[in-house]
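In what follows, a single structure is set out as structure tokens and then discussed.
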Amino acid sequence: MTEKEFNETVGKNIKKYRLLYNVNEGEMSQRKLASKIGVSTSLIGALESRKMSQGIGMYNLYKISQTLNVPINKFFE
């Protein structure tokens, strides 16, 4: 797996679990997620975009996993 493919997989799964959170727990927009973990909304948008290959730091990914109540390993599948 290339770095680009890895980043795309993580980004796709962030979006997937954020949208599942919307269904199961209540509204979690990109803006709300960004605010909860202390990053910009544009970073969340870039991570979820299939057009960009934005990487993410492990600590920010950990904060996303905690906020969305998803084990961190699920973002790598």
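Small disclaimer: the values here were computed from a predicted structure and weren't measured.
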- [ ] Test side-chain contact (heavy atoms from CB on, under 4.5 Å) on Ile44 and Ile37 and set out the steps.
- [x] CA-CA 10 Å; Ile44 301 299; Ile37 68 166; 4.2 Å; yes
- [ ] Give the intermediate values and the outcome of side-chain contact (heavy atoms from CB on, under 4.5 Å) for residues Ile14 and Leu61.
- [x] CA-CA 9 Å; Ile14 289 171; Leu61 187 59; 4.2 Å; yes
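For residues 24-54, the set of pairs meeting the ring pair (Phe, Tyr, Trp, His ring centres under 6.0 Å) definition, not counting sequence neighbours, is empty. Here salt bridge (Lys or Arg N to Asp or Glu O under 4.0 Å) pairs that include residues 57-71, with residues two or more places apart or in two chains, number zero. The ring pair (Phe, Tyr, Trp, His ring centres under 6.0 Å) analysis of residues 30-55, with sequence neighbours excluded, yields no pairs.
Checked against side-chain contact (heavy atoms from CB on, under 4.5 Å), Ser65 has the following partners two or more places apart in sequence or in another chain: Tyr62, Ile72, Phe75. Shown here are the side-chain contact (heavy atoms from CB on, under 4.5 Å) partners of Glu27, two or more places apart in sequence or in another chain: Ser29, Lys32. Not counting sequence neighbours, Lys74 has no partner by the side chain to side chain donor-acceptor pair (under 3.5 Å) test. For the side-chain contact (heavy atoms from CB on, under 4.5 Å) test, residues two or more places apart in sequence or in another chain that qualify with Asn69 are Tyr21. Residues satisfying the salt bridge (Lys or Arg N to Asp or Glu O under 4.0 Å) criterion with Lys16, sequence neighbours excluded, are absent altogether. Contacts of Glu48 classified as side chain to side chain donor-acceptor pair (under 3.5 Å), with partners at least two apart in sequence or in another chain: Arg18, Gln30. Shown here are the side chain to side chain donor-acceptor pair (under 3.5 Å) partners of Lys12, two or more places apart in sequence or in another chain: there are none. With sequence neighbours left out, Ser42 forms a side-chain contact (heavy atoms from CB on, under 4.5 Å) with Ser40. Considering only residues two or more places apart in sequence or on other chains, Glu5 meets the side chain to side chain donor-acceptor pair (under 3.5 Å) condition with Thr2.
Atom CD1 in Ile64 sits 6.0 Å away from atom CG in Leu47 (nearest 0.5 Å). Note that CD of Glu25 and CG of Leu68 are 10.0 Å apart. Values are rounded to the nearest 0.5 Å.
Between Thr67 and Met28, the shortest heavy-atom contact is CG2-CE, 3.8 Å.
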